[in-house]
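The next block holds one structure in the form of structure tokens; read it before the comments.
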Amino acid sequence: MLVLVLKVTAVLVAVRLLVRWLRRPRSNNPFASDARQSVRPLVIDQKARDRVIKQSFSPDRVPADLDAIVIGSGIGGLSVAAIMAKAGKKVLVLEQHDQAGGCCHTFIDKGYEFDVGIHYIGNLNSQTSAKTLIDQLTHGQLQWAALDDEFDTAVFGDKRYSLVSGRRRWLEHVKKQFPDDTDAVDRLFEAVVKCKKGAMGMVLVKMLPVWLSQLLLQTGLFNLVSDVFKWNKRSVQEVVTAETNNKDLQALFMYCFGDYGTSPDQAGFPMQATLLAHFWHGGSYPVGGASEIAFHMIPVIEEAGGRVLVRAEVKELLMDELRSTVVGVKVAKGSSTHEIRVPMVISNGCTIRLQRLLPRPVAETSRLWPLTKMSHATAGFSVFVGLNAPLEEIRGSGDSTISPRNWWVFTNNDITKVCNDYMALSADEALDRDVPLMFISFPSTKDPEWEKRYPGKTTMAIVTLANYDWFKQWENERCTKRGADYEGVKNTIGDKLVAQATRLFPQIRDHIDYVSFGSPVTNNFYLGAPRGEMYGMDHNQERFSGESQTLLRPATDVPGLYLTGQDILSCGFSGGLYGGVLAASVVLGRNCFSDVETLHKQLKKAA
Ligand SMILES: Cc1cc2nc3c(=O)[nH]c(=O)nc-3n(C[C@H](O)[C@H](O)[C@H](O)COP(=O)(O)OP(=O)(O)OC[C@H]3O[C@@H](n4cnc5c(N)ncnc54)[C@H](O)[C@@H]3O)c2cc1C
């Protein structure tokens, strides 16, 4: 009886707080009207692009009377800044690298351009609410190109499978490839659908007050609203192996775990279910490459008087005299530092910033401190290959056809074991083995404007997981000056990856004109990722438990400090983007999710 009374009371309090929250004073609606403009031609002149994405920090470029500073110009930082700007706020984004974009930046070397962290994004092949959101944050200038209908190919040893776009078609296509296991396919698909249904629960616990979310979770009441945390108690591996003994089918429901980097026996099922559903309608790629993202979001931030300045590493958060409230940042510029005072600081990233930027006594007493002890996501190793031939010349045929799609290549179908075994090797042992997982794509083929920008050339990118400890000894050495031993380890792994990829695509062999490798310590330098991690915090079950998700929210318990980006929702362009929407909702005091949704519906009706 007592439990029932407690449960009813908790629900009533929750409803009351929600109503109060919905009625609280609001900033301007950032999505009050349609901000799209007619699409202008792609800006190809690199100098003109650099004038937008490479504006170097200097104290005289800092606007006066700022409303906020955002640390980090990844999609999580740019999106919160752009939404705030659309609500009339003046925001300064500070980026440690020499260009804006974070994982969405690109680099050009010896006449080839490469993206760093964008290969495909789901949910953008039609006018979805996500597309409306991006349209509004880029004045409608960011365009998307669809990948092939068969957007992913999974290779397990000598077997190949593919995934096609369209939810029903996806299911039927998988069944066609597993004619003896159609019941298991149905059950697995159903598990994804069911689990995905409750996924909004992950956002809900961040929107309610901390104490209320904790109460609802502890009493079990939260399960009445969403069962997502129940699902999270079961790993991807557990759910999949419970439904089928067919190793290939198991692997096909887990193959893309590299998109969040956590092994299927460590990740909770909701992560995989959300990811599979995210790509049910295929993949898209930004026309003109990933740097288009920052290129079109920066003007929106500038329109309200804000700026995005690079070569601006934030070294420290400034506190008030009582050392309780964040009141600004200390920025390094060469050997000097500059203090900038603002009413609020929003950090694009959680654990690392808290550990490094807050005074230790403040950080240690924050409720977030235990979370900063959680592991980082897996480190990544990237290979960038330039081919001196246009696609028509090297397209190939049959299984080797090069086209706008991704290849997930595993050495066998026991994908969890083979990857875990590899990651547990010492550096010396790893140098002797084939790399068990390769994500391969040809980014230039995905961009319809590529041929105009880089005629006669094609690019290939390979990404794999790596153990940070293989490279740790060089983490404090200067980039490009890490010495022969480092180059030896990096080149051995990199050369292996190129050789393995060439076995799949033999037609590229005589066209390899440029090769460059990005190790985990490269990520450390360019992405500000302390353990070379690709996706911020580890996407394991602990991170996605109700308790952790409740605390991983934009508002911290340090007044003046907020969080955005992949650490407060999940990795991926969309995870970082919606992390920004969540952060904007909190700092603007209004539900920006429903603001976008309302505009989206209006535009759809009018179309
Ligand atoms: C190799 C790779 C491939 C990927 N492929 C895809 C894909 O195909 N599709 C997809 O959707 N997602 C992909 N992702 C993931 C996706 O790119 C990221 O999850 C997302 O972009 C993260 O956005 P973010 O804003 O949270 O963080 P980030 O983009 O990491 O931004 C954080 C920024 O903060 C800056 N910073 C750090 N410390 C400081 C400081 N002290 N002062 C100032 N600035 C600082 C960093 O330099 C960085 O620019 C990939 C990621 C990687 C690494």
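Both ligands and their constituent atoms are indexed starting at 1 by order of listing. Because the structure is a prediction, the values reported are computed rather than measured.
- Paired with Phe253 under the rule ring pair (Phe, Tyr, Trp, His ring centres under 6.0 Å), one option of Phe269, Trp170, Tyr161 passes, and it is Trp170.
- Residue-level proximity to ligand 1 for Leu94 is carried by the backbone, the only part with a heavy atom below 4.0 angstrom.
- Under the 30°/60° scheme for interplanar angles, the aromatic rings of Phe57 and His338 are found to be tilted.
- With salt bridges taken as basic N to acidic carboxylate O contacts below 4.0 Å, none links Lys54 and Glu95.
- Between His119 and ligand 1, an N or O atom pair is found at a separation short of 3.5 Å.
- Outside the 6.0 Å centre-distance limit, the rings of Tyr285 and Phe151 are not counted as a close aromatic pair.
- Ligand 1 has no nitrogen or oxygen under 3.5 angstrom from a nitrogen or oxygen of Met534.
- For atom 18 (C) of ligand 1, the candidate residues are Glu95, Gln566, His97; the nearest heavy-atom contact is made by Gln566.
- Residues Tyr120 and Phe279 bring their aromatic ring centres within 6.0 Å.
- In this structure, Phe384 and Phe107 have perpendicular ring planes: the angle between them is above 60°, well past the 30° mark.
- Where the criterion is an N or O separation shorter than 3.5 Å, residue side chain and backbone included, Asn348 meets it with respect to ligand 1.
- Between Arg531 and Asp469 there is a salt bridge, with a side-chain nitrogen of the basic residue lying less than 4.0 Å from a carboxylate oxygen of the acidic one.
- With ring centers used as reference points, Tyr112 lies 6.0 Å or more from Trp450.
- The option with the heavy atom closest to atom 2 (C) of ligand 1, from among Gly579, Gly117, Ala379, Gly576, is Gly117.
- Some N or O of Phe573 is nearer than 3.5 Å to an N or O of ligand 1, by distance alone.
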Checklist entry - Could you walk me through whether His139 and His296 pass the ring pair (Phe, Tyr, Trp, His ring centres under 6.0 Å) check? => result CA-CA 7 Å; His139 287 159; His296 291 300; 9.1 Å; no

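- Counting atoms of ligand 1 from 1 in the listed order, those under 4.0 Å from a heavy atom of Ile71 are 40 (C), 42 (N), 43 (C).
- Annotation for ligand 1: atoms under 4.0 Å from non-hydrogen atoms of Gly565 are 26 (O).
- For Ala312, the heavy-atom gap to ligand 1 drops under 4.0 angstrom.
- Here's the thing with Gln96: one of its N/O atoms is less than 3.5 angstrom from an N/O atom of ligand 1.
- When heavy-atom distances to ligand 1 are checked against a 4.0 Å cut-off, Asp259 has no atom that comes that close, whether in backbone or side chain.
- Close approach of ligand 1 to Tyr120 (heavy-atom distance below 4.0 Å) involves ligand atoms 7 (C), 8 (O), 9 (N), 10 (C), 11 (O).
- Interface of Glu313 with ligand 1, defined as ligand atoms under 4.0 Å from a residue heavy atom, comprises 41 (N), 42 (N).
- In this structure, Pro30 and Lys86 approach most closely via the heavy-atom pair O-CE, 3.1 Å.
- Of the candidates Ala377, Gly518, Gly575, Cys103, Cys103 brings a heavy atom nearest to atom 28 (P) of ligand 1.
- Remark: ligand 1 and Val314 share an N or O pair separated by less than 3.5 Å (distance only, no angle test).
- In summary, the atoms of ligand 1 found under 4.0 Å from a heavy atom of Gly72, numbered by their order in the structure, are 33 (C), 34 (O), 35 (C), 44 (N).
- On a distance-only criterion, Ile121 and ligand 1 share no N/O pair closer than 3.5 Å.
- With hydrogens and angles ignored, the 3.5 Å screen pairs no side-chain donor or acceptor of Gln141 with any backbone N or O of Ile293.
- Close approach to Cys571 involves these atoms of ligand 1, each under 4.0 Å from a residue heavy atom: 19 (O).
- Lys446 pairs with exactly one of Asp115, Asp148, Asn406 by the side-chain hydrogen bond (donor to acceptor under 3.5 Å, both in side chains) rule, that one being Asn406.
- Listed by number with element, the atoms of ligand 1 under 4.0 angstrom from any heavy atom of Tyr535 are 14 (N), 15 (C), 50 (C), 51 (C).
- Smallest separation of non-hydrogen atoms from Gly122 and His278: N-NE2, 2.9 Å.
- In terms of polar-atom proximity, defined here as any N/O pair under 3.5 Å, Gly572 does make such a contact with ligand 1.
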